[in-house]
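Labels below follow one simple rule: chain letters A, B, ... track the order of the sequence lines, proteins then strands, and each chain is numbered from 1.
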Amino acid sequence: MAQKPSIPKGTRDFFPAVMARRNYLFDTIKSVFQLYGYQPIETPAMENLSTLLGKYGEEGDKLLFKVLNSGDFLSNVPGNVLVDVDPGKVGAYLSEKGLRYDLTVPFARFVVQNRNELVFPFKRYQVQPVWRADRPQKGRYREFYQCDVDVIGSDSLLNEVELVQIVDEVYRRLNLSVTLKINNRKILSGIAETIGEADRIVDITVAIDKLEKIGNQKVNEELAAKGVSPEAIDKLQPILALNGNNFEKLEQLEKVIGGSLSGRQGIEEMHTIFKLLGTLNLALKVELDLTLARGLNYYTGAIFEVKANDVEMGSITGGGRYDDLTGIFGMPDVSGVGISFGADRIYDVMLQLNLFPEETLTASKVFFVNFGEQETLYLLPVLTLLRANGVACELYPEAAKMNKQMTYANRKNIPFVVLAGESEMASGKLTLKNMGTGTQSLVTSNELLSMLKGGA
RNA sequence: GUGGAUGUAGUUCAGUCGGUUAGAACGUCGGAUUGUGGUUCCGAAGGUCGCCGGUUCAAGUCCGGUCUUCCACCCCA
């Protein structure tokens with residue numbers, strides 16, 4: 001018996017109508033990337049696990065999809081490991097490849113591996129799927145597309161500013177109202193140093209990231225539970241209560257963490273970025289948000305996150321500066337910065353807000369009814385003529401009943417139908433029917449072409 | 001990984017207290033209409049009730065397990 005077909009959890013099939021919108025999204029994003037001089041690359045779906053492991057933090061490692069070794073995958077496993085099976089240990093012998101978790105780490109690998117052929121600063125974009133073994137839910141898939149833009153080999157904050165411009169341009173073109181939140185890892189380090197908990201930076205950032213969600217009180221409780229001293233939590237309070245515009249926040253911050261070197265650096269960087277952004281007339285709101293932490297381990301400077309203003313959805317774009325991601329692969333002192341647009345979430349948001357333009361889902365512009373062999377011979381040159389002039393058209397492959405053929409044209413939203421049987425052949429003409437209005441007219445093939453070519 | 005919901009025709013859903021032959025709408029297919037779709041009318045096909053097991057004279061209905069989808073947490077695009 002045939003089994004019911006299905007696809008893996010968290011993955012999806014895309015229908016033509018959905019693809020029309022997805023492609024609109026991808027094309028919009030790519031065209032902005034190109035406008036700023038970024039060039040496309042692609043990397044493999046699979047990377048060696050050694051490339052991926054340890055780059056995303058403990059949580060990220062758990063979410064990696066691993067690919068079972070081909071052939072006799074047990075042959076590498078030492079006997080003693082198999083006797084006393086520990087899933088964590090056996091895995092290392094069974095699998096040496098994994099599906100990519102993001103596009104940034106493979107990009108760093110790509111840069112190191114191909115450094116001699118690249119021109120630096122190297123500006124690339126990359127639109128490909130990534131996979132995470134997360135539990136699916138709203139706005140969360142196990143296979144989804146990221147649209148990354150990165151520039152590597154330049155420390156200049158002009159790059160950060162350019163990325164913000166790109167974010168602004170993309171969302172302006174998509175007609176989506178968003179807020180860009182921006183923070184800096186150096187400021188977060190400065191905070192941790194100032195309150196004397198320098199080595200607890202991860203716990204602290206994770207906790208304050210939740211400030212908006214669970215409130216000041218609960219954050220303090222969580223910090224205490226993680227072992228942060230009461231004095232340190234006390235020192236943290238003025239920072240959590242910052243207010244005013246971005247420059248005012250920086251000023252207040254300076255007073256609190258100015259004693260820390262990295263704190264000062266972070267504040268200075270942000271000051272420069274905000275100053276440059278101030279000259280650019282952006283449509284989106286940019287706000288300094290100290291609660292923005294971002295779990296990815298490799299960020300070292302500015303970090304970004306974009307949220308839609310009118311829809312409840314996780315971040316739809318995120319990124320930041322990474323000073324030493326290539327260092328892990330043996331190429332130190334090359335700094336990069338990039339952001340990633342989450343296409344699937346943007347799609348969900350736009351669909352909910354009805355922001356996709358009336359799609360031109362039309363596969364063909366003209367449909368030719370098939371009446372039989374003689375008629376087909378009569379029509380094929382007409383189809384060729386139309387196609388040579390860029391008019392998409394199709395002939396039904398069988399001489400099926402009219403009803404069936406017309407229904408087909410109707411369901412596919414084809415705007416024009418050509419009927420040509422005995423009488424049309426006798427007169428050397430074609431009957432053209434407008435499916436919207438229902439009107440018909442008798443035309444020559446050249447008349448047909450000029451009518452359709454003009455976009456009628 | 002933790003917690004909560006969910007699953008009946010292609011789709012969206014009914015299905016009473018456990019009771020004999022599981023229904024509707026939409027869709028599909030055929031006909032009314034042998035060269036005219038989208039409207040209308042008539043008719044038909046379509047179900048291992050997610051899967052496995054248990055309780056019972058009897059299970060779509062109750063119980064356990066498992067998988068799927070959805071939601072929240074964690075984390076993230």
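Within the 4.0 angstrom heavy-atom criterion, base atoms lie near Gly139(A). Residue contacts shown for Leu419(A) include a base, since a base heavy atom lies under 4.0 Å away. At the heavy-atom level, Glu424(A) lies under 4.0 Å from base atoms of the strands shown. Among the atoms of the strands shown, base atoms are found under 4.0 Å from some heavy atom of Tyr141(A). Counting any heavy atom pair closer than 4.0 Å across all strands shown, Gly319(A) reaches no nucleic acid atom. Residue Ser423(A) is classed as a base contact, given a heavy-atom separation below 4.0 Å to a base. Gly318(A) comes within 4.0 angstrom of the backbone, heavy atoms only, and of no base. Contacts of Glu422(A) with the nucleic acid, taken as non-hydrogen atoms under 4.0 Å apart, include base atoms.
For a distance-only test at 3.5 Å, the side chain of Lys9(A) fails to qualify as a donor-acceptor partner of the base of U68(B). A donor N or O paired with an acceptor N or O is not found under 3.5 Å between the base of U36(B) and the side-chain atoms of Gln405(A). Not a single donor-acceptor pair, N or O on each side, falls under 3.5 Å between the base of G38(B) and the side chain of Asn410(A).
Of the residues near RNA chain B, Val306(A) and Ala400(A), the one whose nearest nucleotide (by heavy atom distance) lies more toward the 5' end is Ala400(A). When the nearest nucleotides of RNA chain B are assigned to Lys404(A) and Phe341(A) by heavy-atom distance, the more 5′-ward of the two goes with Lys404(A).
For the pair Asp348(A) CG and A77(B) P, the computed distance is 16 Å after rounding to whole Å. Atom CG in Asp61(A) sits about 15 Å away from atom C1' in C76(B), given to the nearest Å. Atom OH in Tyr101(A) sits about 6 Å away from atom C1' in C76(B), given to the nearest Å. Atom CG in Asn370(A) sits about 16 Å away from atom P in U36(B), given to the nearest Å. Leu63(A) places its CG atom 14 Å from the C1' atom of U2(B), with the value rounded to the nearest Å. Between Asp134(A) atom CG and C70(B) atom P there is a gap of 13 Å when expressed in whole angstrom units. Rounded to an integer number of Å, the gap from CZ of Arg140(A) to C1' of U69(B) is 16 Å. Remark: P of C75(B) and NZ of Lys62(A) are 11 Å apart, rounded to the nearest angstrom.
Contact annotation: Arg345(A) does not reach the phosphate of C76(B) (side-chain N/O to OP1 or OP2, under 4.0 Å). A sub-4.0 Å separation between OP1 or OP2 of A72(B) and a side-chain N or O of Gln137(A) is present.
Comparing U12(B) with C74(B), their P atoms sit 31 Å apart, to the nearest whole Å. Rounded to the nearest Å, the gap between the C1' atom of U21(B) and that of G60(B) is 15 Å. Of the P atoms belonging to C71(B) and G54(B), the separation is 35 Å, rounded to the nearest Å. Taking atom P in both G30(B) and U39(B), one finds a spacing of 16 Å when rounded to whole Å. For the P atoms, the distance linking C52(B) with A59(B) amounts to 15 Å, nearest Å. Nucleotides U20(B) and U16(B) place their P atoms 11 Å apart, quoted to the nearest Å. Taking the P atoms as reference points, U11(B) lies 12 Å from U48(B), given to the whole Å. A gap of 29 Å separates the P atoms of G4(B) and A77(B), to the nearest Å.
A cation-pi arrangement, defined by a distance under 6.0 Å to the six-membered ring centre and an angle within 45 degrees of its axis, is absent between Arg21(A) and Tyr347(A).
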Quiz item: When you look at Gln352(A) and Asp310(A), which way does the side-chain hydrogen bond (donor to acceptor under 3.5 Å, both in side chains) test go after all the steps?
Solution: CA-CA 10 Å; Gln352(A) 208 172 321; Asp310(A) 307 314; over 6 Å; no

Exercise. Quick one: do Tyr171(A) and Thr317(A) satisfy side-chain hydrogen bond (donor to acceptor under 3.5 Å, both in side chains)? Show the steps, please.
Key: CA-CA 11 Å; Tyr171(A) 287 111; Thr317(A) 293; 2.6 Å; yes

Practice problem: For side chain to side chain contact (heavy atoms under 4.5 Å, CB included), just list the numbers for Val127(A) and Tyr145(A), CA-CA rounded to whole Å, side-chain angles, deciding distance to a tenth of an Å, and then say yes or no. | Solution: CA-CA 7 Å; Val127(A) 176; Tyr145(A) 272 74; 4.2 Å; yes

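Ring geometry for Tyr322(A) against Tyr298(A) counts as perpendicular: the plane angle is over 60°, on a 0 to 90° scale with 30° as the lower cut. Classified by interplanar angle (parallel below 30°, tilted 30° to 60°, perpendicular above 60°), the ring pair Phe110(A)/Phe122(A) is parallel. The aromatic rings of Phe356(A) and Tyr24(A) sit perpendicular, their planes meeting at an angle over 60°, well past the 30° parallel limit.
In this structure, U2(B) forms a base pair with A72(B), meeting either the Watson-Crick or the G-U wobble geometry with both donor-acceptor distances under 3.5 Å. Within the shown strands, nothing qualifies as a pairing partner of A22(B) under the Watson-Crick or G-U definition with both distances less than 3.5 Å.
Closest approach to the Thr407(A) side chain among G31(B), A77(B), G37(B) is made by G37(B) (side chain taken as heavy atoms from C-beta onward). With G35(B), U36(B), A77(B) as the candidates, the nucleotide lying closest to the side chain of Gln146(A) is A77(B). With G30(B), U36(B), G3(B) as the candidates, the nucleotide lying closest to the side chain of Arg135(A) is G3(B). Listed nucleotides: C76(B), G35(B), C70(B). Nearest to the side chain of Pro136(A): C70(B).
Aromatic stacking is marked for Phe144(A) over A77(B), as both cut-offs hold: 5.5 Å for the centres and 30° for the planes.
Side-chain rings of Tyr93(A) and Phe73(A) stay apart, their centers remaining 6.0 Å or farther from each other.
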